[in-house]
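Data first, discussion second: the structure below is written as structure tokens.
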Amino acid sequence: MRKIFYFLLIAFIPLLSILSQEKTITGTIISGEDNLPLIGATVVVKGTTIGTITDFDGNYSINVPENTEILQFSFVGLLTQEIAIGDQTVINVTLQPDVLEMEEVVVTAIGIRREKKALGYAVQDVESEQIARSNNDNIVNSLSGKVAGVHINSSSGTAGSSTFIEIRGASSITRSNRPLFVIDGIPIDDGGGSYTTQGVATSDRIGDLNPDDIENVSILKGGAASALYGMRAANGVVIITTKKGEKTKDGQIHVNIHSSVSFKQITQVPELQKEYVQGSYYNADERLPDQYSRIGAPDAPYFYRQFSWGPHIDSLTYTWDPEYIPFDNTYRYSGDYDSMDVYMEKWDPNGRVVYKPEYNTTSLNPDYFTYNPALSGGEIKTYDPYDFFQTGITLTNSISLSAGDEKRTYYMSYANTTEEGIIPNNTYTKNNFKVSASSEIFKNFSSTASINYMQNSGNRIQQGSNTSGLMLGLLRTPINFDNSFGYEFNDGEQRHYQGNRTSSYDNPYWVVNNVSYKDNTNRMIGNIELKYEPVTWFNVMYKMGNDWYHREIIDFFEIGSNENPYGSVAKAHIFNRDLDANLIFNFNKTFNDVFNTTLLIGQNIYQTNYKRLTGLASSMSIRGWDNLANSNDLNAFEASLKERSAAVYSDIGLSYKSMLYTNITAREEWSTTLPEGENKLFYPSFSLGFIFTELGGLKDNSILPYGKLRTSYGITANTARVYSTYTRYQRAATGDGWTNGVYFPFKETTGFSYDSEIGNAILKPEKQKTFEIGADLRFIDNLFRIDIVYFKNVNEDLLIPAPIASSTGFPTKYMNVGTMETKGIELTLGLTLINSKIINWDLDINFDNPKTMVTYLSNNNTNIDVMAEFGGFADPQIHAVLNEPYRMIWGTRWLRDEDNNLIINDDINNLKIGYPIQDVNSGIIGNTNYDYKMGINNTIKIKNLTLYALLDIKQGGQMWNGTKGALYYFGIHKDTETRNTETKLFEGRYGHYNEEGEIVHFNENGDEVSGPGAFNQTEVPLDEYWYAVGPGSVFTGPVEDFVEDANWVRLKEVSVSYNFKNLLKDKILRNLEIYFTGKNLFLITPYTGVDPETSLFGNDNAQGIDYFNMPGVKTYSFGLKLGF
Amino acid sequence: MKTNIYIKTTFLFIILSFIFSCNKWIDPDVNIDPDSPEYVTMDLLLASSQVSLAYVLGGIDIAGVTSMWMKYIEGFDRQALQINNYIFLEKDVNNSWTNIFRKLNDLKLIIELSKEEGKESPHYEGIAKVLMAYTYGTVTQLWGDIPFSKALQGDAELNPEYDSQKNIYEGIQQMLDEAIVLLNIDEDSNYYDIEGDLIYDNDIEKWKRAANTLKLRYYLHLSKVDNSVYSTIVDMYNEDSLKYFRSNDDDLELYFGTNENEQNPMFQFDEDRGDCISNPYFDSLQAEKQPRGISQFIWAVYLIASDNEPFAGLFYGSKASPVTFISYSELQFIIAESRLEAGDADLAMYSLKKGVRSFLEKLTIDSEIPIDYDGWMTAFSGSNNIRYADTYEQKKEEIMTYKYISLFLNPETFVDWRRTGYPANVEKENKILPRRFPYSSEERLYNKNIPATSSIFARNWFDPE
């Protein structure tokens, strides 16, 4: 404390300036990196504030006092040189690259630029070059593997889908765990991109940005780093700095062009069986073996049509015999076509699937014997559903212009991305205009303004648990049905493998042509900054940003879709406006070249205002017309949300030499979503950085030239959800989990009901306390670099709509209910393997292992569905469970005894003997969290050739493969191919539930005895009974068996680029670079579904669910960069 | 210098304006949801609770499950197949449990609003109590002990105690008595007229009849534990039969609509999932041992009227089909059974015929098929068709079988089966039929007072061995 006082005292002692005679020194400063002149390098008389900067040719001229001894020459990223003047009047200097990069400047909270060495917390950067090379539509994907402690999961391979991002684990149970995105000092809106169990993959708003506009992305991970942002920063902050105009020679215009083309292909997909055709052995009424019902076909009793439990393909052939009627046509749901001839042609161009004559003898049905060889259609064909996918193509073009002189600079850019996805008609286009300009209006008074207009639109395809879902219909199709033969008849009727029955699944070709989800987003982000800097040690700044967007959505289902048989169109208009304004006073003073003090005082106001209007037309009249007038069944909905906050904050920084740095921040904030009178919050933070290699004995040693220890502590918070302080009413609606349900107005009557949630007038915000300690060490000429951080976040008073007993009248109450703790280590290792004039090979490894534990849950809550607010599956769900890691998979499971033995059925009245029994209670069945994640970045530079490879390793973390569980039921999954041969002895003990719900078994006399019995000896077949009648699938049994490990090792990114810069003699062309980038070129994973980098719910909290998710992609990109 | 002053003044202005506007900026009114009305009226709550209760109790979660067990329908696919095979878990009732108590909560709000000082509206209170009694009656017959006296207290009681089923039945009778008193209060003393009544179109007389009829049903539920309820029912009915339902027009039922958001729950389930079919029911009607005339007749009506609708025929399975809580024909079957048990077999058969006839009339009311009711009824009462009229047991079976046919999809049949063993042919070979619903797994997680057992094979209080 006394020390601080001492620092403060010194800060207020004015400096004496030294006045005396002067002389002039001139010269040129060039860079040792490329021998080109340095523009804007600094020349300072050591120990004074006298200085100048070089011009466009690297020349300088400085008047120095007669007694000046030493001049300092410096430039960001290069080593500072000190030269004794002596009698010289011309001093030419070559500045060499600073291998230690100790002067590296990073952008921290509120847009404050700080030297990296001055920070007491971890900040990691990704530069524009790396972002451009990754060539992703969504910049968040370009951060993957490049920053320790940042978890990124692209949700699907479809065009324009969203990306999950989380920094240092989760901090909130049900609220968003996405970081705050700040562009040029102004937070922007980052909504969108979370999906439900069915629907489409939409974009998140961060994906609106043009990656080529980005200069730098800096990630503030801990609370001390982001405390100045207060309420919205509890999940970390991603600070994006965009490109600005730079001073150019004679105000010349610099033009940069970047063009690329990318090709996308699907990666791994679930394996399907290729031997058994449509049909079932089981009878619909009793589900008993029934030879009669074996072959499914579109006119078969509908129940059999959905399955692939039919005969082996070798026993079948095609026929054109119109007499062949394999089924009892009196069945209620048989086809209603005029003639079988037309019918057969309609459904299969090859004819009807029938048994070959030699197999007929085994049949019980006399009709099978009518086969006529003269009318044979030939050998039966099989179809590969994955032929459906195509090679996606993305074209990206961007151009930017920039120029500037002493007084003003400007930057303009335009970018266009056009993508046709791996799914036909899945498109995404994006246009981006940006203009930014800065100028000195008056002396010491400057302004910067930018406007970024973004437009993007797409057509998205239905996915997930949805009868119009693409993968659902595609993968369930039996091998003998060719979806591509035609998806629609002349009369408009859909052709799909289950025939004309409703509530089956759409033909995927029909879906992409008749079901569409078109959205169009128009967005404008405008920033203005006014800065007045009367003296070098003080400035005042006013910064305001306005982020406005409008989205239009047209969600259309053609008449005849299985999801909406009568057709429907929903049109939504969404308006959102975010306003953020800051007034900042900045003081910065250095004393005696030893003490530096900074002081920042700021004020902030923020508002977000969201409105959504939706019109829904059901039961359409005219085919193909997506207009609300096309229906007599219209409903309208509105939703709105408004929230404000205001804050004052300050940041005091003190440093001693280049050795000791401290920072104290404080923010006081008021939020409208908190109860009146209790809406004020205070967030302090403290950080300390100590560069111990500046100490006398350690200074300039060659083994450890740079070593820094740092620690910090900070508090941030999440505010309450809007409108949660009181119990609301809602427009009445009821459903049952299977159907769409009913809602009001009902038969021209309005109806309201209580909301499902009890409001709470004594809410507190969620509070996060974060601590971190770390070291930054660089060994032997910076050849080996290590940055290690240990952190611990404690998130208290977590707010959720806490489930309570429904018998209270309300299923939830919004309240502060829990605590979560995240701990982990982040390690960044850098190794320069080769460092010569010709070849340079850097290896950078990012490692992290955050573990978030649920340490406290109050009020009977031991178990919370993280999707409760948004609706997920009934089984399984992603839960927060007391004393377990966050995001456990919770679902139905097998019954086990106390010793964890499966209970194997011994009761013939229940199930067949020898199969395991299902537990009546659900429990934890998997853990979605990874143990550790590692990104291994290799950069090899051979002169102008750069090779880059990013190997991404994820260890641990499970995923629920619901796709597999459903394909088991239908008999189409590869594992079901052994249906006639494979038997299994389920290890476990005999038993069953008695009437009281206890585990009992039968003894030799057939009496029920408490507890489990002997070990199972009954080998059972894994056949249709097991998968589709017994508990062997997700529909008929527990979901537990479909939890799979989702570890991976993948070649996330590999690129080759060549820069012709040095070869360019022509001064007009400044820059020319060509590159190739490949992504996900190989993937090794035990997961048997699609690429496990997937999420049914998009960027939402509930990660780890795969239910007919769209496949992932690998990408090949070719790019060209030009600079004039 | 001048510009300097100008700039400084501007800044000062900006700073001051922010400091002074801060209080207004954080305005508590910002946190008022524009999509939630400030208050709701009783008519809005009445309409919504009627529709929601019909949807939940008449939908797949409740009526669908009992209908699978009672073989009205067969679940043959996916989760429905599970339920059909008597695998019915705690998680499977989360939806219905939650929905039911939320709607009870809305009814409770109506009762509270109806007692507002100066705006007392006893008729609203009475209607809410009738609906509440009906809902609790359905819940307790399925689950046994449930939260009743301590339920619906919001966060004042987060762990509502479970009342014994015995007390709940007493509570239901009391609730209905109170409702009858309230509904009998002179209309002029109602501050608000009844509106939003989608069941009886604001007809108080019908609500009174419904309350009285429900009383008989809930006495009948107790027949296995108290044999005297039969004579109680007969006495009550004989005392003033006009207090009860007088015709099909009095049925306590809600008709759904044709718009996408108004459709009957069973229709929607069939449209969206199609995992159930009603074959077993038709099969049972056709079966040889059923009384011939009537079964053939109903079979024909169902099939012709169904127009290839996949599920249960047009009457029960169309978009606008009603969900019936309790009907005039059910009343007649209640009386028939009670009269038989109370020793008056002749009058019992008279009530049975009234029940059958009223059911036929209702079933064919929208049908274009001309029905000769009198012809059918004559044939029905003719000696050839009364097959089991000889013994008490045959009469009992006949009454219960017709009741079963007439109460298609109605959960009430599940009570009848547990009480009387009829319908007799619903049990599967080698499989034990469940006797109750399991508690909700969510309720288990969040209510400390939930009873330990959840076995669907355990017996409720009113259903002893």
Side-chain angles (χ1 to χ4, degrees), chain A residues 284-285 303 442 445 502-503 532 540 542 583 603 605 618-619 633 635 639-640 642 644 646 670 672-673 676 723 725 728-729 732 734 736-739 742-744 746-747 749-754 758 803-811 813 860 863 874-875 909 920 922 995-997 1035-1036, chain B residues 3 7 11 14 18 22 25-26 28 30-31 33-37 40 44 47-48 51-52 55-56 59-61 76 78-79 81-82 89-91 95 97-99 101 105-106 147 151-152 154-155 158 160 196 257 259-262 268-269 272-274 430-431 442-443 445-447 453 455 457:
Chain A
D285 291 346
F303 175 71
F442 312 111
F445 182 75
T502 57
S503 77
Y532 177 56
V540 55
Y542 181 71
L583 177 67
Q603 188 257 18
I605 56 165
S618 312
S619 300
D633 184 355
N635 276 287
S640 39
K642 191 174 180 180
R644 282 181 187 166
W670 296 263
T672 54
T673 65
E676 198 178 353
Y723 312 140
T725 51
R728 291 174 285 170
Y729 303 106
T734 298
D736 59 13
W738 307 105
T739 59
V742 283
Y743 56 80
F744 277 79
F746 181 94
K747 293 169 90 176
T749 307
T750 17
F752 278 84
S753 73
Y754 257 136
I758 307 181
I804 56 176
S806 298
S807 50
T808 60
F810 297 89
K813 176 181 176 180
N860 301 347
N863 196 327
D875 182 31
N909 295 335
V920 293
S922 297
E995 288 189 19
E996 277 71 51
F1035 298 128
T1036 52
Chain B
T3 53
I7 291 157
F11 266 112
I14 292 169
F18 276 120
C22 205
W25 182 254
I26 304 297
V30 172
N31 206 33
D33 186 354
D35 299 324
S36 163
V40 292
L44 301 174
S48 81
V51 173
S52 301
Y55 198 88
V56 175
I60 194 71
D61 281 345
F76 62 86
R78 287 172 280 186
Q79 290 90 341
L81 171 65
Q82 290 255 68
L89 309 179
E90 291 198 342
K91 70 166 174 65
N95 254 317
W97 183 266
T98 299
N99 277 330
F101 279 95
N105 203 31
D106 286 341
L152 312 176
D155 54 0
L158 287 172
N259 277 356
E260 200 93 325
N261 63 314
E262 303 170 346
Q268 288 200 32
F269 183 78
D272 290 358
R273 301 284 300 189
N430 291 330
K431 273 191 190 279
E442 281 168 5
E443 182 85 4
L445 283 171
Y446 308 120
N447 188 348
T453 181
S455 170
F457 304 106

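Since we're looking at a predicted model, the values are computed, not measured. Every chain is numbered from 1, with letters handed out A, B, ... down the list of sequences.
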Margin query: Counting C-beta onward and ignoring hydrogens, is there a side-chain heavy-atom pair between E442(B) and P803(A) closer than 4.5 Å?
Written below: no
Checklist line | K431(B), part contacting chain A, at a heavy-atom distance under 4.5 Å | finding: both
Margin query: Any side-chain to backbone donor/acceptor pair from S36(B) onto Y729(A)? Under 3.5 Å, distance only.
Written below: yes
Margin query: Taking ring pair (Phe, Tyr, Trp, His ring centres under 6.0 Å) as the definition, give me every residue that meets it alongside F746(A), ordered by chain and number, with sequence neighbours left out.
Written below: F744(A), F256(B)
Next item on the list: Say whether, by atom type as modelled, one donor and one acceptor occur between the side chain of D33(B) and the main chain of R728(A) under 3.5 angstrom.
Entry: no
Notebook entry, point to check: Out of N95(B), D61(B), L89(B), V30(B), which one racks up the most heavy-atom pairs below 4.5 Å with chain A?
Noted result: V30(B)
Item checked: 4.5 Å side-chain heavy-atom contact, Y55(B) and T739(A) -> yes
Check: So what's closer than 4.5 Å to chain A heavy atoms on Q82(B): side chain, backbone, both or neither?
Finding: side chain
Notebook entry, point to check: What are the two closest heavy atoms between W97(B) and S806(A), and how far apart are they?
Noted result: CD1-CB, 3.8 Å
Item checked: Proximity breakdown for S807(A) and chain B, heavy-atom pairs closer than 4.5 Å -> both
Check: Does the side chain of L81(B) reach to within under 4.5 Å of the side chain of T1036(A), using non-hydrogen atoms?
Finding: yes
Notebook entry, point to check: So how far is it from L152(B) CG to F810(A) CZ, rounded to the nearest 0.5 Å?
Noted result: 9.0 Å
Item checked: Side-chain donor-acceptor pair present, T808(A), Y446(B), cut-off under 3.5 Å -> no
Item checked: pair S640(A)-D35(B): side-chain heavy atoms closer than 4.5 Å -> yes
Notebook entry, point to check: Which residue out of S922(A), A874(A), G809(A), P811(A) racks up the most heavy-atom pairs below 4.5 Å with chain B?
Noted result: G809(A)
Next item on the list: Taking the side chain as every heavy atom from C-beta outward, state whether N259(B) and S618(A) have any pair of such atoms under 4.5 Å apart.
Entry: no
Item checked: Contacting moiety of P37(B), where chain A heavy atoms sit under 4.5 Å -> both
Next item on the list: Return the minimal non-hydrogen interatomic distance between T672(A) and I26(B), and the atom names on each side.
Entry: CG2-CA, 4.0 Å
Notebook entry, point to check: What heavy-atom pair brings A805(A) and N447(B) nearest, and what distance separates the two atoms?
Noted result: CB-CB, 3.6 Å
Note to self: Only pairs of heavy atoms separated by less than 4.5 Å count here; which of A151(B), G196(B), G257(B), P160(B) has the most with chain A?
What the structure shows: P160(B)
Next item on the list: Heavy atoms only, distances under 4.5 angstrom: which of D875(A), D736(A), T725(A) has the most pairs with chain B? Name it, please.
Entry: D736(A)
Note to self: Would the distance check show the side chain of D106(B) and the main-chain N or O of Y754(A) forming a donor-acceptor pair, the cut-off being under 3.5 Å?
What the structure shows: yes
Notebook entry, point to check: Given that the side chain runs from C-beta out, which part of K813(A) has a heavy atom under 4.5 Å from chain B: side chain, backbone, both or neither?
Noted result: side chain
Next item on the list: For residues V742(A) and Q268(B), determine if any side-chain heavy atom of one lies less than 4.5 Å from a side-chain heavy atom of the other.
Entry: yes
Item checked: Atom pair CD/CG of E262(B) and D633(A) - distance to nearest 0.5 Å -> 7.0 Å
Notebook entry, point to check: So, N261(B) side chain and Y743(A) main chain: donor-acceptor pair closer than 3.5 Å or not?
Noted result: yes
